[in-house]
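Down below is the structure, laid out as structure tokens.
Below, each value reflects all heavy atoms present in this structure, side chains not excepted, and no hydrogens, waters or symmetry copies. Note that the structure is a prediction, hence the values are computed from the model and not measured. Within every chain, numbering begins at 1; the chains are lettered A, B, ... in the order of the sequence lines, protein sequences first and strands thereafter.
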Number of protein chains: 2
Amino acid sequence: MASDKDYVLDDQVGFLMRRATQRHLGIFGSQITDLTPTQFAALAKLCEIGEVSQNALGRATAMDAATIKGVVDRLRKKGFISDAPDPTDQRRLLLKPTASAWENYDALVGAAHQISSDTLDPLTEGEQAIFLMLLRKLI
Amino acid sequence: MASDKDYVLDDQVGFLMRRATQRHLGIFGSQITDLTPTQFAALAKLCEIGEVSQNALGRATAMDAATIKGVVDRLRKKGFISDAPDPTDQRRLLLKPTASAWENYDALVGAAHQISSDTLDPLTEGEQAIFLMLLRKLI
DNA sequence: TCAAGATTGTTTGTACGCAAACGGATTTTG
DNA sequence: CAAAATCCGTTTGCGTACAAACAATCTTGA
């Protein structure tokens with residue numbers, strides 16, 4: 001008989017979440033190729049907020065200071081972020097989306113919705129709502 | 001009024017899964033410090049299987065060939081994996097857990113169970129079962 | 001049988017993701 | 001007001017993760 005101590009990797013929540021994330025990233029990559037999911041998240045938040053410091057954008061997108069720096073660097077290289085020193089705080093780098101950022105964001109929002117929809121497609125609508133509700137409790 | 005096209009990052013399944021995974025990795029790191037979650041997954045599978053080629057271990061743990069190579073290299077450096085060429089297939093590297101691997105695995109299984117339990121702790125037992133069931137459908 | 005195709009392990013390059021440390025700027029507090 | 005604490009952006013180092021390419025080795029099919 002199975003002991004309480006049995007450990008089946010494939011039944012562990014961490015392993016299942018990693019695999020579900022892998023599938024989601026595959027869906028994302030097949031529909032949006034110019035930006036990574038992380039870059040799109042930062043772009044979306046930046047367009048949502050409008051003007052924000054680098055670290056604050058990181059907090060808003062759940063990326064630490066080291067991670068958001070690399071993401072912002074790559075978005076700037078793509079021409080999606082312009083920055084200027086904050087006149088009221090000399091430590092801060094004030095980020096703003098460029099016109100090109102808005103164009104790309106607007107063009108990609110539909111695909112982004114589709115990606116979320118495709119990710120949840122194996123579930124019924126009711127299950128999707130339950131899943132998202134439970135997922136929110138695990139943050 | 002909100003348009004159908006509104007995109008709220010914080011409501012997207014990908015973003016929520018990333019944050020839930022972050023929380024889980026934090027819980028893991030606070031209870032198991034000698035091994036990363038990925039390394040523990042590979043170790044657990046290796047102990048479960050017993051003897052397996054490197055790429056096959058990667059498939060069993062949802063890691064591609066490049067990723068599993070690095071993980072195996074680090075586990076070997078820690079003394080948890082011994083390898084030998086497969087006599088029946090000269091391409092294959094046959095991996096086996098060392099005695100030290102078994103000792104460490106046995107010693108850590110309890111913590112691993114606790115990590116899964118802590119990760120799901122915000123949910124009731126019924127919710128946990130539902131969440132895992134839905135998560136499995138999203139793989 | 002033997003050429004075509006697949007698989008094994010490897011390397012390189014890019015991109016998160018986090019810990020830790022750092023100097024400089026700002027805020028808090030004693 | 002000055003010291004302590006905090007926050008800002010940066011760098012380094014390590015560990016996933018995956019794409020793409022590669023040589024060596026099997027396997028298959030005509």
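Q54(A) pairs by the side chain to side chain donor-acceptor pair (under 3.5 Å) definition with nothing, not counting sequence neighbours. Residues satisfying the side chain to side chain donor-acceptor pair (under 3.5 Å) test with D86(B), not counting sequence neighbours, are T88(B). Every residue two or more places apart in sequence or in another chain was checked for a side chain to side chain donor-acceptor pair (under 3.5 Å) with T33(B), and none qualifies. With sequence neighbours left out, the ring-ring contact (aromatic ring centres under 6.0 Å, His included) criterion links F15(B) to no other residue. Partners of R59(A) under the salt bridge (charged side-chain N to carboxylate O under 4.0 Å, His left out) rule, at least two apart in sequence or in another chain, do not exist in this structure. Annotation: salt bridge (charged side-chain N to carboxylate O under 4.0 Å, His left out) contacts of D64(A) (sequence neighbours excluded): none.
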Cut-off 3.5 Å, no hydrogens considered: what does the side-chain donor-acceptor table look like for residues 19-29 of chain B, sequence neighbours left out?
residue, atom, partner, partner atom, Å
T21(B), OG1, M17(B), O, 2.9
Q22(B), NE2, A62(A), O, 2.9
R23(B), NH1, L138(A), O, 3.4
R23(B), NH1, T119(B), O, 2.9
R23(B), NH2, D118(B), O, 3.2
R23(B), NH2, T119(B), O, 3.4
H24(B), ND1, T119(B), OG1, 2.8

May I have the list of side-chain donor-acceptor pairs in residues 71-81 of chain A shorter than 3.5 Å, sequence neighbours left out?
residue, atom, partner, partner atom, Å
D73(A), OD1, R76(A), NH2, 2.6
D73(A), OD2, K69(A), NZ, 2.7
R76(A), NH1, D83(A), OD2, 2.2
K78(A), NZ, D34(A), O, 3.1

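Taking the nucleotide of DNA chain C with the nearest heavy atom to each of Q39(A) and Q90(A), the more 5' of the two is matched to Q39(A). Checking R91(B) against K69(B), the closest nucleotide of DNA chain C that is more toward the 5' end is the one next to R91(B).
Contact of R92(A) with dC8(D) (side chain to base): no donor-acceptor pair of N or O atoms is detected under 3.5 Å.
The shortest heavy-atom contact between A101(A) and L43(A) is CB-CD1, 3.7 Å. Pairing each heavy atom of V13(A) with each of L135(B), the nearest pair is O-CD2, 4.1 Å.
If you take CG of L93(A) and C1' of dC7(D), they are 15 Å apart, rounded to a whole angstrom.
A perpendicular orientation is assigned to the rings of F40(A) and Y7(B), their planes being inclined by more than 60° (bins at 30° and 60°).
Proximity of residues 12-31 of chain B to DNA chain D (heavy atom under 4.0 angstrom from any strand atom) is not detected for any residue. Near DNA chain D, meaning a heavy atom under 4.0 Å from it, residues 80-89 of chain A has no residue at all. Heavy-atom distances under 4.0 Å link DNA chain D to S53(A), Q54(A), N55(A), R59(A), A65(A), A66(A) of residues 46-68 of chain A, given in residue order.
A close approach under 4.0 Å does not occur between any side-chain nitrogen or oxygen of R74(B) and OP1 or OP2 of dC14(D).
The NZ atom of K96(A) sits 14.5 Å away from the CD1 atom of I49(A) when rounded to the nearest 0.5 Å.
By the 4.0 Å N-to-carboxylate-O rule, D11(A) lies close enough to R136(B) to be salt-bridged with it.
The footprint of chain A on DNA chain C, defined by a heavy-atom cutoff below 4.0 Å, extends from dA15(C) to dT26(C).
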